[in-house]
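Here the structure comes first, spelled out in structure tokens, and everything after it is commentary.
Positions are given from 1 along the sequence. Just so you know, these numbers come straight off a predicted model, no measurement behind them.
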Amino acid sequence: MRIVLLGAPGSGKGTQAKRLVEKYGVPQVSTGDLLRAAVTSGSELGKMAKAAMDSGQLVSDDIVLGIIRERLAKRDARHGFILDGFPRNIPQAHALDKMLAGLGQPLDTALLIEVDIDILMQRLTGRRNCENCGRVYNIFTNPPKLDEQCDYCGIPLHHRVDDNEETISNRLRVYDAQTRPLIQFYDERGRLRRVDGNGEVKTIFREIVKQVDEFGAGGKTAKPARAAGKPAATKAAPKKAAGKKVPAKKAGAKKASSKKKPVAQKASAARKKTRTTTRPARKAAKPAARKATARKKKPAKKAVAKKAAVKKVTRKKAPVKKVARKKTARKTTARKTTARKAAAKKTPAKKAAAKKKAVTRSRRAVRR
């Protein structure tokens with residue numbers, strides 16, 4: 001929400017700006033307050049402004065724009081601001097638009113508070129302000145609870161020296177000559193919004209809030225203005241038309257729709273039947289799906305069983321080999337025993353033959 005408040009002196013710009021600050025949480029940027037703060041802080045721009053004011057000259061637009069730029073660069077002004085007291089003429093408005101475009105914070109709207117001259121005089125002559133908290137009162141329209149005393153601080157209220165009829169009339173003439181052309185400037189660009197400021201403070205604030213919410217608080221752009229002469233389309237139009245007589249064609253269409261209602265009811269009943277019939281089918285489909293999954297799982301189980309059987313066979317074959325080894329060992333032992341027996345049978349014959357040979361040898365030797 002980036003707003004410029006426009007209005008004559010005493011139109012209530014400062015009062016409404018403070019209420020907008022409390023509602024939307026955006027800062028009020030008043031050039032008068034900024035200049036005073038800059039002078040007291042002793043900054044470079046403040047020193048330049050003080051030198052101009054001490055010499056009796058007006059503070060230049062460059063200095064004022066520099067102070068506003070420094071204020072808008074702070075964190076609390078990221079989501080919007082309310083400019084009060086600036087711009088005061090068309091050259092300042094052009095310079096402000098250029099500066100805001102450079103900051104990436106273009107102006108959303110210019111809010112004009114329109115007040116009659118008689119009421120302006122009453123407000124300005126009866127205006128009182130608190131120098132501690134900055135609250136503004138009016139002895140005619142918004143008086144304090146205690147005479148000439150702030151309701152919040154308890155400090156005596158201040159009456160400005162320039163709040164008299166002569167100075168007020170001079171200020172209004174300056175406003176008409178310099179600041180009033182800004183109304184046309186912003187109106188031509190589609191940014192101007194008007195609020196009647198002749199009523200009470202609360203009612204004026206409600207109207208301002210309505211205007212602000214139309215273009216969106218929080219930095220949203222304004223909605224395009226409706227062309228004059230074209231009525232706004234409302235959602236309540238169909239309800240109003242309901243009370244009028246319906247043409248014959250529409251009545252016939254309504255009768256046809258009423259005749260078609262039983263068909264729709266039959267269709268809904270058929271849908272219910274299909275739902276009820278499909279539910280058991282779904283339940284029956286579940287066991288079939290389970291069987292299909294079981295069939296898929298069976299080959300895998302068979303393969304696992306085959307592997308287990310092969311392992312068992314391989315385990316059983318090992319003892320068979322041992323038995324075969326035992327049989328061959330028995331055969332070899334039997335062969336050895338038969339060979340020993342045969343050898344044992346041959347040895348007496350060999351011995352007898354050897355004895356015979358020895359006897360024959362001995363006999364031959366004797367004969368010789």
Hey, could you give me the [atom1]/[atom2] distance between [X] and [Y], rounded to the nearest 0.5 Å?
X      : Y      : atom1 : atom2 : result
Glu207 : Gln211 : CD    : CD    : 5.0 Å
Arg135 : Cys153 : CZ    : SG    : 7.5 Å
Gln16  : Ser11  : CD    : OG    : 9.0 Å
Leu182 : Gln92  : CG    : CD    : 8.5 Å
Gln105 : Arg69  : CD    : CZ    : 12.0 Å
Gln28  : Ile3   : CD    : CD1   : 11.5 Å

Can you tell if the side chain of [X] reaches within under 4.5 Å of the side chain of [Y], non-hydrogen atoms only?
X      : Y      : answer
Asn89  : Pro181 : no
Arg193 : Leu112 : no
Ile82  : Pro27  : no
Val29  : Leu34  : yes
Leu103 : Leu72  : yes
Thr125 : Phe140 : yes
His158 : Arg128 : no
Leu6   : Leu111 : no

_Evaluate Ile113 against Ile208 for side-chain contact (heavy atoms from CB on, under 4.5 Å), listing each step before the verdict._
CA-CA 9 Å; Ile113 303 174; Ile208 290 171; 4.2 Å; yes
Would you call [X] and [Y] a salt bridge, using N to O less than 4.0 angstrom?
X      : Y      : result
Arg2   : Asp108 : yes
Asp76  : Arg71  : yes
Asp176 : Arg173 : no

Counting only N and O atoms by type, is there a donor-acceptor contact under 3.5 Å from the side chain of [X] to the main-chain atoms of [Y]?
X      : Y      : value
Ser169 : Glu166 : yes
Lys13  : Gly7   : yes
Thr203 : Gly199 : no
Arg88  : Gly85  : yes
Asp84  : Ser30  : no
Thr109 : Arg191 : yes
Gln178 : Val174 : no
Asp151 : Lys145 : yes

Above 12 or not: heavy atoms from other molecules or residues under 6.0 Å from [atom1] of [X]?
X      : atom1 : result
Met48  : CE    : no
Lys50  : NZ    : no
Ile117 : CD1   : no
Gln184 : CD    : no
Arg19  : CZ    : yes

Quick one: do [X] and [Y] end up in the same hydrophobic cluster if we chain Ile, Leu, Val, Met, Phe, Trp and Tyr together by side-chain heavy atoms under 4.5 Å apart?
X      : Y      : result
Val4   : Met99  : yes
Val212 : Val201 : no
Ile168 : Tyr137 : no
Met1   : Val209 : yes
Val136 : Val115 : no

Considering all heavy atoms, the nearest [X]-[Y] contact:
X      : Y      : result
Leu35  : Ala49  : CD2-CB, 4.0 Å
Ala38  : Ile67  : CB-CD1, 4.0 Å
Leu120 : Ala8   : CD1-CB, 3.7 Å
Leu65  : Ala95  : CD1-CB, 3.4 Å
Asp196 : Ile204 : O-CG1, 3.7 Å
Phe185 : Ala93  : CE2-CB, 3.6 Å

_Does Arg171 qualify as a cation-pi partner of Tyr175, given the criterion of NZ or CZ under 6.0 Å from the six-membered ring centre and within 45 degrees of its axis?_
no
*Run the numbers on Val64 and Phe86 for side-chain contact (heavy atoms from CB on, under 4.5 Å), then give the verdict.*
CA-CA 9 Å; Val64 176; Phe86 193 89; 3.6 Å; yes
_Between His79 and Tyr24, is the ring centroid distance below 6.0 Å?_
no
*So Asp213 and Lys210, salt bridge (Lys or Arg N to Asp or Glu O under 4.0 Å) or not? Walk me through it.*
CA-CA 5 Å; Asp213 290 340; Lys210 191 185 294 183; over 6 Å; no
*Output, in order, the C-alpha distance, side-chain angles, deciding distance and verdict of side-chain contact (heavy atoms from CB on, under 4.5 Å) for Asn132 and Cys150.*
CA-CA 9 Å; Asn132 184 33; Cys150 181; over 6 Å; no
